[in-house]
Amino acid sequence: MIKIITDSTSDIDLKYAKELNVEVVPLKVIIDGKEYKDRIDLEPEEFYDLLVNSQTLPSTSQPSPQDFVDLYETAKNNNDSVIVITLSSVISGTYQSANLAKDLVDYDDIYVIDSLGTTQMQRLLVLKAVALRNEGMNAQDLYTFLEAYKHRIRLFAFVDTLEYLYKGGRLSRTAATAGTLLKFKPIIGFDEGKLDVFAKARGTQKATTKIIDLIQQDGEMDLDEPICIGYTGSSDGLDKFENTLRETLHFGETLHGIVGPVIGTHAGPGARLIAYVKKQ
């Protein structure tokens, strides 16, 4: 049997994870001095209520190696293979913890994958792993496939406010103030594991149009693969964002998900995103 493990930044609901037969290791969120386990002690909706009322920016911490060791030991005792999919090693030490745990357990049949992304990007990689496992692919072939597949996964998003990017040190006060006055919305995404600002646009409609431009410049979407639409805070107006994308990009049904605390801390409420797989 192949055991699939991911972390809570994949934004896979715990009930859904159980249906998929996926284990989720939580990251921790510290808000006003109180520590929460992501999606265990704190649901994303509750997090955004706390975020907007917090005097300081929340901080997050990675799982310890021991959090993975417990799961690895069970798999080792059952002679199961293990596929682990973590958020980007550029923005968290979770990948390192998963590898340290592998060394501690001393079990070769564990394959740790740096997703080079997080949230709905990571979710797409997990869903692909589940599908291929259920089709009977062995762990070594699954690992090799996913290592290539992850480079085709894309995410583009816009944030509604610059306040949290400023608080997190990603924008200067001058840039944040100027951007707010001009109603700029940064277009963010991942470049080989690094969260980056790709462009900026004035207003929601222009930001959505800019995301479409970036997708088209990058190449063709693979419409045979899942597409995720995500958001931070409230989902109000999400349908308009999705429909605008669909009219131009011609995709069908989508998956939806709320972004958890790790990315939500820096994006703030009101962000919108699309994650998809680029055609080969």
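- No hydrogens or angles considered: nothing links the side chains of Q96 and S89 as a donor-acceptor pair under 3.5 Å.
- Minimum heavy-atom separation, E43 to R39: OE2-O, 3.6 Å.
- Between T6 and E23, the side chains place no donor N or O within less than 3.5 Å of an acceptor N or O (distance only, hydrogens not considered).
- Within the 4.5 Å cutoff, the side chain of N21 has no heavy atoms near those of the V130 side chain.
- For the atom pair OG of S97 and CD of Q62, the computed distance is 4.0 Å after rounding to the nearest 0.5 Å.
- Here the side chains of M221 and V277 are not in contact, with every heavy-atom distance at 4.5 Å or above.
- Between D11 and T119, the side chains place a donor N or O and an acceptor N or O closer than 3.5 Å (distance only, hydrogens not considered).
- Looking only at atom types and distance, the side chain of D7 has no donor-acceptor partner in the side chain of T86 under 3.5 Å away.
- Both L104 and L71 are assigned to one and the same hydrophobic cluster, defined by single-linkage of ILVMFWY side chains at heavy-atom distances under 4.5 Å.
- For R246 (side chain) and G252 (main-chain N/O), a donor-acceptor pair under 3.5 Å exists by modelled atom type.
- Between K128 and E225 a salt bridge is recorded (basic side-chain N to carboxylate O distance below 4.0 Å).
- Panel note: side chain Y72, backbone A98; a donor-acceptor pair is recorded below 3.5 Å.
- At least one donor-acceptor pair closer than 3.5 Å links the side chain of N243 to the backbone N or O of D239.
- Inspection of the K3 and N78 side chains reveals no N or O donor paired with an N or O acceptor under 3.5 Å.
- Between F198 and F156, the two ring planes are perpendicular [angle over 60°; tilted spans 30° to 60°].
- The main-chain N or O of S64 is found under 3.5 Å from a side-chain atom of D67 such that the two form a donor-acceptor pair.
- In this structure, E19 does not pair ionically with K15, as no charged nitrogen and carboxylate oxygen lie closer than 4.0 Å.
- By the criterion of side-chain heavy atoms lying less than 4.5 angstrom apart, applied directly or through intervening Ile, Leu, Val, Met, Phe, Trp or Tyr residues, I274 is not grouped with L116; the two fall into different hydrophobic clusters.
- Scanning all heavy atoms of the two residues, the minimum distance from A17 to V24 falls at CB-CG2, 3.7 Å.
- Between N53 atom CG and D32 atom CG the span is 9.0 Å, to the nearest 0.5 Å.
- Under the 3.5 Å distance criterion, the side-chain polar atoms of D191 are left unmatched by any main-chain donor or acceptor of K194.
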Step by step, work out the side-chain contact (heavy atoms from CB on, under 4.5 Å) result for I263 and T232.
-> CA-CA 9 Å; I263 299 301; T232 62; 5.9 Å; no
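- The main-chain N or O of E35 is never found under 3.5 Å from a side-chain atom of K28 such that the two would form a donor-acceptor pair.
- V105 pairs in a side-chain contact (heavy atoms from CB on, under 4.5 Å) with only one of the listed residues (V82, V69, L100, D70), which is V69.
- Counting all heavy atoms, side chain and backbone alike, A275 lies closest to M121 at CB-N, 4.0 Å.
- L127 has its side chain within reach of L20: a pair of non-hydrogen atoms, C-beta onward, lies under 4.5 Å apart.
- Between P58 and T265, the shortest heavy-atom contact is O-CG2, 3.4 Å.
- With hydrophobic clusters built from ILVMFWY side chains whose heavy atoms lie under 4.5 angstrom apart, I12 shares a cluster with I2.
- Going from atom OG of S8 over to atom CG of L14 covers 8.5 Å, rounded to the nearest 0.5 Å.
- I211 is listed as a side-chain neighbour of L245, based on a closest heavy-atom distance under 4.5 Å.
- A heavy-atom distance below 4.5 Å is found between the side chains of Q216 and L249.
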Intermediate values then yes/no, side-chain contact (heavy atoms from CB on, under 4.5 Å), Y48 and I258 | CA-CA 11 Å; Y48 288 103; I258 184 169; 4.0 Å; yes
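- A distance-only check finds no donor-acceptor pair linking the side chain of H151 to the backbone of Y149 [under 3.5 Å].
- Take K76 and apply the salt bridge (Lys or Arg N to Asp or Glu O under 4.0 Å) test, not counting sequence neighbours, and it matches no residue.
- Both L214 and Y276 are assigned to one and the same hydrophobic cluster, defined by single-linkage of ILVMFWY side chains at heavy-atom distances under 4.5 Å.
- Here the side chains of F68 and P63 are in contact, with some heavy-atom distance below 4.5 Å.
- To the nearest 0.5 Å, atom CD of residue E147 and atom CG of residue L142 are 10.5 Å apart.
- Between the side chains of T9 and T118, a donor-acceptor pair is found at a separation under 3.5 Å.
- Using modelled atom types, one side-chain atom of S88 and one backbone atom of G193 make a donor-acceptor pair closer than 3.5 Å.
- With respect to the salt-bridge test (charged N to carboxylate O, under 4.0 angstrom), the residues D222 and R152 qualify.
- Aromatic ring centres of F47 and Y36 lie farther apart than the 6.0 Å criterion allows.
- Cluster annotation: L124 is not connected to V84 through the hydrophobic network of ILVMFWY side chains, with a link wherever side-chain heavy atoms come within less than 4.5 Å.
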How far apart are the C-alpha atoms of Y231 and F241, what are their side-chain angles, what is the distance that settles it, and do they pass the ring-ring contact (aromatic ring centres under 6.0 Å, His included) test?
-> CA-CA 10 Å; Y231 63 97; F241 170 73; over 10 Å; no
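- Nearest heavy atoms, A271 versus A267: CB-CB, 4.2 Å.
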Going through the distances and angles, do I188 and D196 end up as a side-chain contact (heavy atoms from CB on, under 4.5 Å)?
-> CA-CA 6 Å; I188 61 175; D196 210 351; over 6 Å; no
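- A side-chain donor-acceptor contact under 3.5 Å links K150 to the backbone of D114.
- To the nearest 0.5 Å, atoms CG (D38) and OG1 (T60) are separated by 9.5 Å.
- Shown here for G264 and V259, the closest heavy-atom pair between the two residues is N-CG1, 3.9 Å.
- Using a distance-only test at 3.5 Å, with no hydrogens or angles considered, no donor-acceptor pair links the side chain of N79 to the main chain of A75.
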Can L27 and T94 be said to form a side-chain contact (heavy atoms from CB on, under 4.5 Å), step by step?
-> CA-CA 8 Å; L27 273 76; T94 303; 4.0 Å; yes
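- Annotation: the span from E46 atom CD to L50 atom CG amounts to 7.5 Å, rounded to 0.5 Å.
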